[in-house]
2 protein chains.
Amino acid sequence: MKKISKLERQKLLQEKLKENPFFIDKELAEIFDVSIQTIRLDRMELGIPEVRKRIKTVAKRANDQLKSVQSEEVIGELVDINLDKAGISIMETSKELLLEKSKVVRGHHIFAQANSLAVAIIDTDVALTGSAKIRYNRPVYLGERLIAKAKVENKKGNKFCVRVETKVKGELVFSGEFIVFSVEADNGIEEV
Amino acid sequence: MKKISKLERQKLLQEKLKENPFFIDKELAEIFDVSIQTIRLDRMELGIPEVRKRIKTVAKRANDQLKSVQSEEVIGELVDINLDKAGISIMETSKELLLEKSKVVRGHHIFAQANSLAVAIIDTDVALTGSAKIRYNRPVYLGERLIAKAKVENKKGNKFCVRVETKVKGELVFSGEFIVFSVEADNGIEEV
DNA sequence: CTTGTATTAAGACCTGCTACTAATTTAACT
DNA sequence: AGTTAAATTAGTAGCAGGTCTTAATACAAG
């Protein structure tokens, strides 16, 4: 790379390491055509830790996030619950979905929040979604806070009809009606 | 930790590092109350790389996986596509959802596969899901291969009705009807 | 021509290893 | 008990990718 000003180099360095934290100083020195020492100085000034720490951070964060994204009981954060009756969950997009590339939150995340809320408010060991009717009203953008409110519409035996409405600043962006079953042992319906 | 047999120790070591790959040899030595060298020998015999490599692997894989789980165009793998008509996607559960704790695949993953397939077969720059009716027929267990087939039922202008059926070994586990819109610029419906 | 910033160099030391050699302990067998 | 094999521990050299410090250059600007 052609010689550029210190400022430019440091800016590029930050970008470079943000998108790929795996570079070692030597490689960076070659990329920017400066000495290793210069890279080290740059890192110091910018407060960028060494490769091994960068990698560790990525591993830790990604590990945690994967766990939370994929294994969390409830997608989003449960802020209020009234068993067998109603519940509210909040999901910060961009915190929970921070690796999303586009600025639009993809539908299955919104679905996941609503669905897991619908299941969570049922007072039983295992609750399974049997079916659902859902509707997306407008796109949700990264950074918007999704507030999902669920309400049990009616209950017949172990079958619940739960209505979920998801809003952004009071504006309805998603609604769904979930038929959820409470079960004790395994029967024939999808756990969610 | 009390002294145990080599076999037991190596077994525990593997488990320990599986759930937390960040331990250094010294820490492991203390945990198992053996010398560092013993830990190194164990790692050798078990083919377990050093901490820094383990961490790097986690970082790389988690990075990739996060990207694929959250930002992939299609959740699952697109194996056949006939634009504006039909498509097939395969999702290996436990490969893509490997941090799942329970043995049951959670519903929003199945939904995500179906929904993204429904969107993918539409021949347009941007396709948005407007609404959906879905049904879960039976739970899907980790390890089962989900084959989703989508078919455009009818098309009116920019509005498509796509039916998706997801099967495991020929058995229907999920079905859904998605109303999808093709759009050029931003209009008012959720991108998925 | 000096002053200040930027860059490069050099050396000691650090962590968490690998690779190798060798000694010591423990358990097993006849 | 005595011998043998397996398991464990110890010790050394060397490596990668650094930190931290001190010092020497380069170079542009007043």
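Sequence lines set the chain letters: A, B, ... in the order given, protein chains first and strands last, and positions in each chain run from 1. We use all heavy atoms of the structure for the numbers below, so side chains are in, but hydrogens, waters and symmetry mates are not.
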Measure from CZ on Arg9(B) to C1' on dT8(D) and round the result to the nearest Å. 8 Å
note: Ile4(A), atom CD1; dA6(C), atom P; distance rounded to Å ~ 14 Å
In this structure, NZ of Lys85(B) is separated from NZ of Lys155(B) (nearest 0.5 Å) by 10.0 Å
Between protein and nucleotides 12-18 of chain D, what N or O pairs are separated by less than 3.5 Å?
unit_1, atom_1, unit_2, atom_2, d
dG17(D), O4', Arg52(A), NH1, 3.0
dG17(D), N2, Arg52(A), NH2, 3.3
dG17(D), N3, Arg52(A), NH1, 3.4
dG17(D), N3, Arg52(A), NH2, 2.9
dG18(D), OP1, Val51(A), N, 3.2
dG18(D), OP2, Asp25(A), N, 2.8
dG18(D), O5', Asp25(A), OD2, 3.4
dG18(D), O5', Arg40(A), NH1, 3.2

Asp42(A) CG to dA6(C) C1', in whole Å, measures 10 Å
Whether Thr93(B) side chain and Glu144(B) backbone form a donor-acceptor pair below 3.5 Å: yes
Does Glu8(B) offer a backbone N or O that forms a donor-acceptor pair with the side chain of Ser5(B) under 3.5 Å? yes
Just N and O in the side chain of Thr38(B): are any of them under 4.0 Å from OP1 or OP2 of dT9(D)? yes
How many Å lie between CG on Leu28(A) and P on dT7(C), as a whole number? 15 Å
Short question: side chain of Glu165(A), backbone of Leu172(A) - any donor-acceptor pair under 3.5 Å? no
Spacing between Phe22(B) atom CZ and dT15(C) atom C1', to the nearest angstrom: 17 Å
d(CD1, Ile36(A); P, dG11(C)) in whole Å: 15 Å
Between the main-chain N or O of Pro49(A) and the side-chain N or O of Arg54(A), is there a donor-acceptor pair closer than 3.5 Å? yes
Whole-Å distance, Asp33(A) CG to dT7(C) P, equals 12 Å
Which part of the nucleic acid, if any, lies within reach of Leu41(B) when heavy atoms closer than 4.0 Å are counted: base, sugar-phosphate only, or nothing? base
Whole angstrom is fine here: how far is it from CE in Met44(A) over to C1' in dT7(C)? 16 Å
Would you confirm whether Asp84(A), through its side chain, and Asp123(A), through its main-chain N or O, come within 3.5 Å as a donor-acceptor pair? yes
